[in-house]
Number of protein chains: 2
Amino acid sequence: MALVNPTRETPVTTADKVFDSMLHAIVEGKIAAGSKISEPELAKQYEISRSTLREALNRLEKCHLIERKANVGSRVVECTIESLLEIYVVRESLEGMACRQAALNMTDDEIVDMKAMLDQHSKVQALQDGVAYYQEEGDLDFHYKVILGSHNKQLINILCGQLYHLVRMYRFQFGMHSPRAARAFDEHYRIIEAISDRDGELAELLMRRHIAASRKNIEKKIALKESESKHKRK
Amino acid sequence: MALVNPTRETPVTTADKVFDSMLHAIVEGKIAAGSKISEPELAKQYEISRSTLREALNRLEKCHLIERKANVGSRVVECTIESLLEIYVVRESLEGMACRQAALNMTDDEIVDMKAMLDQHSKVQALQDGVAYYQEEGDLDFHYKVILGSHNKQLINILCGQLYHLVRMYRFQFGMHSPRAARAFDEHYRIIEAISDRDGELAELLMRRHIAASRKNIEKKIALKESESKHKRK
DNA sequence: AACTTTAAAATTGTCGACAATATTGTAATT
DNA sequence: AATTACAATATTGTCGACAATTTTAAAGTT
């Protein structure tokens with residue numbers, strides 16, 4: 001049961017609930033990427049006032065899921081390849097550091113917990129090989145646990161509170177079910193080992209490579225798609 | 001003439017202006033760190049409605065300068081040593097990567113511009129040695145230029161749009177006029193050299209060391225202050 | 001005197017209406 | 001026919017008022 005956002009508490013205010021709802025809708029593309037957001041329209045749709053909607057929009061903006069221009073309005077961000085690669089650069093940097101900090105700061109209990117999670121992932125993977133969805137969720141679980149393990153509030157906030165919503169959005173929109181499940185699993189294992197050894201330097205290095213590999217995998221896919229579409233055009 | 005925020009355009013709406021005003025007030029401690037923010041009071045003070053104030057508060061929250069709890073209200077963030085060190089960890093990671101990207105992506109013009117800036121800093125430093133203020137502003141200028149040089153919107157946004165407001169706040173509140181002006185200047189020079197050589201790996205390494213040195217310098221100061229206060233208590 | 005319970009006050013969340021700005025569509029001009 | 005000027009429309013920004021919640025104060029109980 002993968003958590004969507006391990007940092008946020010349960011929503012109390014109606015703006016909270018609308019935010020949650022819109023977050024899902026945007027991530028899953030039900031509100032299309034790049035589309036304009038009409039405040040009157042959405043307010044009617046959710047049966048709330050514009051004030052409350054705007055409050056929700058402000059939180060979506062904090063996650064970089066929408067962009068706002070003064071006196072013009074809000075748009076859902078576009079999912080461009082350039083932006084995706086930019087996000088991966090940031091992830092490589094920040095999660096690398098988070099992993100180093102996790103090696104220094106994680107409690108023994110947290111490490112035990114993370115190992116248990118990996119064991120379960122291996123079982124799921126053995127049972128339902130090829131079912132990418134679970135692997136994807138498992139991948140997020142793993143990364144969340146490492147980030148939280150850094151015990152660095154700034155890191156946690158930027159990664160879990162902001163960047164990972166975008167990551168999930170891209171996964172949905174581009175339908176990126178990683179074909180490198182087995183390899184990713186192995187990489188996760190080694191990272192946990194480094195953390196368990198309290199080897200911060202190695203942990204950071206491995207995490208950076210792990211994410212860089214993922215990025216290169218995407219770049220390859222993009223290149224493939226591009227050559228395909230060129231073929232068609234002929 | 002140091003820019004406070006090189007990413008934001010001129011404020012158009014009144015909420016923009018109030019945001020700018022409060023940003024300065026919080027950074028400079030005129031609105032005390034850790035203090036509660038009363039919406040009715042501040043709205044009266046700025047002669048605006050609560051809606052407009054709340055819009056401004058939302059932007060301050062985006063910069064992590066205030067924190068909000070549902071049905072309770074907003075507080076200015078506290079300036080704790082732990083949090084400061086956390087920020088430095090994030091900076092080390094992100095600015096290191098920004099520097100690597102700058103080495104790859106900066107235009108030749110941008111590099112020329114950055115070298116010119118450094119030359120000017122050296123003159124200012126030679127003329128008014130010991131005047132820390134200019135050095136501090138120059139330091140920010142340098143870091144901003146590198147970050148912008150990464151040409152990575154995500155990096156720029158997180159660093160210039162969020163983290164650097166906090167950095168400036170800490171500098172004000174703790175009165176951290178770095179006594180390592182000369183050394184910092186030399187480090188800046190070498191970083192620019194690496195960028196100029198398009199050596200991303202070295203550029204990242206040097207920037208990380210530069211920030212780590214700054215962090216260690218702070219840690220040393222803290223330790224000093226602590227031992228002093230212990231002395232007093234005796 | 002310390003601790004609950006309850007009522008009053010204050011604060012935040014939400015609403016609908018109006019003002020300021022941007023967008024769209026139409027008519028006039030070249 | 002294309003372009004500009006202007007009016008009409010729609011959208012966002014701002015306001016003040018009310019509802020929901022929390023905080024404070026007071027009264028009562030042990």
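All values derive from a computational prediction rather than experimental measurement. All heavy atoms count here, side chains included; hydrogens, waters and symmetry mates do not. The sequence lines fix the lettering, A, B, ..., with proteins before strands; numbering per chain opens at 1.
In this structure, A/R59 atom CZ and C/dG13 atom C1' are separated by 10 Å, rounded to whole Å. Counting to the nearest Å, the C1' atom of C/dC15 and the CZ atom of A/R54 are 14 Å from each other. Atom CG of A/D16 is separated from atom P of C/dT12 by 16 Å (rounded to the nearest Å). If you take CG of A/L53 and P of C/dG13, they are 16 Å apart, rounded to a whole angstrom. Rounded to a whole Å, the CD1 atom of B/I48 is 11 Å from the P atom of D/dG16. Note: CD (B/E55) to P (C/dA20) measures 18 Å, nearest angstrom. Between the P atom of C/dT14 and the NZ atom of A/K17 lies a distance of 9 Å, rounded to the nearest Å. To the nearest angstrom, C1' of C/dA22 lies 13 Å from CD of A/E39.
Comparing D/dC15, C/dT11, D/dG13 against the side chain of A/R50 picks out D/dG13 as the nearest. Here the nucleotide nearest the side chain of A/V72, chosen from D/dT14, D/dT12, C/dA22, is C/dA22. Minimum atom distance to the side chain of B/T52 is reached by D/dT14, of the listed D/dG13, D/dT14, C/dG13. The side chain of A/S51 lies closest to C/dG16 when the candidates are C/dG13, C/dT23, C/dG16. For B/R68, the side-chain atoms get nearest to C/dG13 when compared with the rest of C/dT23, C/dG13, D/dG13.
Between B/R68 and B/N58, the side chains place a donor N or O and an acceptor N or O closer than 3.5 Å (distance only, hydrogens not considered). With hydrogens and angles left out, the side-chain atoms of B/Q101 and B/H151 include no donor and acceptor closer than 3.5 Å. A donor atom on one side chain and an acceptor atom on the other are not found under 3.5 Å apart for A/T14 and A/Y46.
OP1 and OP2 of C/dT14 both lie 4.0 Å or more from every side-chain N or O belonging to A/S49. Taking side-chain N and O atoms only, B/K36 has a distance below 4.0 Å to OP1 or OP2 of C/dT12. Distances shorter than 4.0 Å separate none of the side-chain N or O atoms of B/T13 from OP1 or OP2 on D/dG13.
Using a 30° and 60° split on the angle between ring planes, A/H210 and A/F142 fall in the perpendicular class, above 60°.
Heavy atoms of other residues, nucleotides or ligands lying less than 6.0 angstrom from NZ of A/K36 number more than 12.
Using a 4.0 Å heavy-atom cutoff across all strands shown, B/L57 reaches no nucleic acid atom at all.
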